[in-house]
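In this chain, residues are counted from 1 in sequence order. Please read all numbers here as calculations on a predicted model, not as lab measurements.
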Amino acid sequence: MTATASGREAPAAVQRHLGWALVVIAAAQLMVVLDGTITNIALPSIQSDLDVSASTLAWIVNSYALAFGGLLLLGGRAGDLFGRRRMFRVGIVVFTVASLLGGFATNEVTLIGARVLQGIGAAIAAPTALSLITTNFPEGAPRNKAMGVYAAMAGLGSTVGLLLGGVLTDYLDWRWVFFVNIPIGIAVLAGTKLLAEGKPEHGRLDVPGAITGTGGLIALVYGITRGGEHSWSDGLTLASFGVAAVLLSVFLVLQTRSAHPMMPLRLFRDRGRSGAYVTMLFLGAGMFATFYFLTLYLQQILGYTPVETGLAYLPFTVGMMVSATLGSRLISRWSPRAIAGPGLLVGALGMLWFARLEHDSSYATHLAPAMFVTALGLGASFVPMTLGAVRGVLPEDSGIASALLNTAQQIGGALGLAGLTTVAMTTADDLVPDASGTFYRAMATGDAALLDRAGRALTEGYAAAYLVAAGLFVAGLIITVTAVRGDKPDATAPLPAAHLG
């Protein structure tokens, strides 16, 4: 038998099937992440078929992010206390059933409800999937490879979602963006027998912490999404931030006094781990912005179809695969800082390339290379940040440590997208009042001159957002250089006690 980092021994049968165990975990992560984007390209078809209002349409996307981001900490802690494989199965079942309900939805209320349920399932499955890597894979090359694949799925899932969403919507029906999850979910459930359960940790669920922590995160994510859609001075937006501040403050106080805290604050005593969480905020913000603004540019300005838009992201997919594979091999020999630092610098250069966007930018000479460069940077950064977030954690904290990493990415993505959307729209509206509305009115009336003016204004807005996004990557680089570990991981032994959370 081989000892895992948690101090337990994985069954020999599991050791012989580590490859298949990794496929199961990676497939689950891919399914959860791609659902954040696969619905985006299908939104016009959903709006037409179900007669969804423009104001409600955004909540088909936001409701998933709200439930996913708000419940991650609770999902991670539940895995620690009640069994990681058990809760992983629960999450996959909930997600799969919700996908079936979404595919058969007959109105917007049913569909949004299914999306919330999907978010709940994802919030349970995602952190337990990452903690199952620490339970099933021994330290060194096997775990580094598994972490690399997991990190790649975090980035690839979004691009695969865009590609798959376009193909399914164009050639089948929008309902298949939900139905496609069903065979994947069933296959993942069948494969969970290859995963070692690990003994549930002693303790009990911190109910006051769960209520205040979950409520605070939901209020924060809601405030971020509403602020981006409406106004940062909107009454409900400010109220949401106020509620989030109060609940999260109470949550932190409770964590210092609870015998069984939902989020042990000892996790943040390790500067390298805290640095990984903060850096992941910036990575999430940059990645979400890349997809959002580039998708709008391709379809609005260049007139790409959904399928063409999905195919256009192939350079991003290739870049992520190359850098994530290389990163997983280097992590045994190089320090996390030595890999993530250059990765963030390359990502920032990719964003600066996007910031030179023009109304008639070439796909071959501008967009595709910029996508590839940005993906190289993101992929190289995800691997060391993922490993750094769970490296050296105590066995009873692996689920919550994983959940914090996912939470950082989701919160960062929501905050970055909302803030950068404000930058883009403010810049565009300064050139053409209500540039987005003017663009669609010009399309409806066939006013070519006005359409050109509005399109150029929107392009300027997207370029401005990418410039700010480059600054976010630079901020992540500074955090990485100053906080993330510069020592090379020990491929054969657990971290010494001084480095444990």
Side-chain angles (χ1 to χ4, degrees), residues 20 22-50 52 57 59-65 67-68 88-108 110-126 129 149-150 152-192 291 295 299 305-314 316-317 320-321:
W20 284 111
L22 180 57
V23 169
V24 171
I25 294 173
Q29 175 68 359
L30 180 66
M31 181 175 68
V32 166
V33 174
L34 72 81
D35 226 69
T37 56
I38 193 172
T39 313
N40 288 16
I41 291 180
L43 288 177
S45 300
I46 294 173
Q47 184 176 27
S48 175
D49 193 20
L50 299 184
V52 180
L57 190 65
W59 282 102
I60 294 175
V61 175
N62 291 340
S63 56
Y64 178 79
F68 188 15
F88 179 69
R89 285 171 169 167
V90 169
I92 295 299
V93 168
V94 171
F95 190 92
T96 304
V97 171
S99 299
L100 184 65
L101 295 175
F104 284 118
T106 56
N107 54 60
E108 60 192 48
T110 307
L111 184 55
I112 291 174
R115 292 288 283 166
V116 170
L117 196 59
Q118 277 187 317
I120 294 172
I124 299 171
V149 172
Y150 180 92
M153 292 304 104
L156 286 176
S158 299
T159 55
V160 170
L162 292 168
L163 173 60
L164 197 57
V167 171
L168 293 175
T169 302
D170 266 8
Y171 292 107
L172 293 174
D173 183 81
W174 66 263
R175 297 180 184 278
W176 280 93
V177 303
F178 296 100
F179 289 147
V180 72
N181 292 321
I182 297 170
I184 300 175
I186 292 173
V188 169
L189 281 173
T192 54
F291 297 140
T295 298
Q299 296 197 28
T305 65
V307 170
E308 289 171 338
T309 300
L311 291 172
Y313 277 101
L314 284 176
F316 195 97
T317 303
M320 284 290 296
M321 291 177 64

**Prompt:** Looking only at atom types and distance, does a side-chain atom of R175 sit under 3.5 Å from a main-chain N or O of A105, one as donor and one as acceptor?
**Reply:** yes

Looking at every heavy atom in both [X] and [Y], which two are closest together, and how far apart are they?
| X | Y | answer |
| --- | --- | --- |
| I25 | A129 | CG2-O, 3.6 Å |
| G185 | M31 | N-SD, 3.8 Å |
| Y64 | G119 | CD1-N, 3.6 Å |
| A123 | A67 | CB-O, 4.2 Å |

Side chains of [X] and [Y]: does their closest heavy-atom pair fall under 4.5 Å?
| X | Y | result |
| --- | --- | --- |
| F178 | L111 | yes |
| L117 | V94 | yes |
| I38 | V180 | yes |
| V32 | F68 | yes |
| E108 | L50 | no |

To the nearest 0.5 Å, what is the distance between [atom1] ([X]) and [atom2] ([Y])?
| X | Y | atom1 | atom2 | answer |
| --- | --- | --- | --- | --- |
| I182 | L100 | CD1 | CG | 4.5 Å |
| T96 | L101 | OG1 | CG | 11.0 Å |
| I184 | I92 | CD1 | CD1 | 10.0 Å |

Requested in this report: Over 60° means perpendicular and under 30° means parallel, so classify the ring planes of Y313 and F316, tilted if in between.
Outcome: perpendicular

Contacts of D49 meeting side-chain hydrogen bond (donor to acceptor under 3.5 Å, both in side chains) (sequence neighbours excluded), chain-then-number -> W174

Verify side-chain contact (heavy atoms from CB on, under 4.5 Å) between L168 and F179, making sure each step is shown before the conclusion. CA-CA 10 Å; L168 293 175; F179 289 147; over 6 Å; no

Salt bridge (charged side-chain N to carboxylate O under 4.0 Å, His left out) pairs touching residues 88-100, sequence neighbours excluded, are none

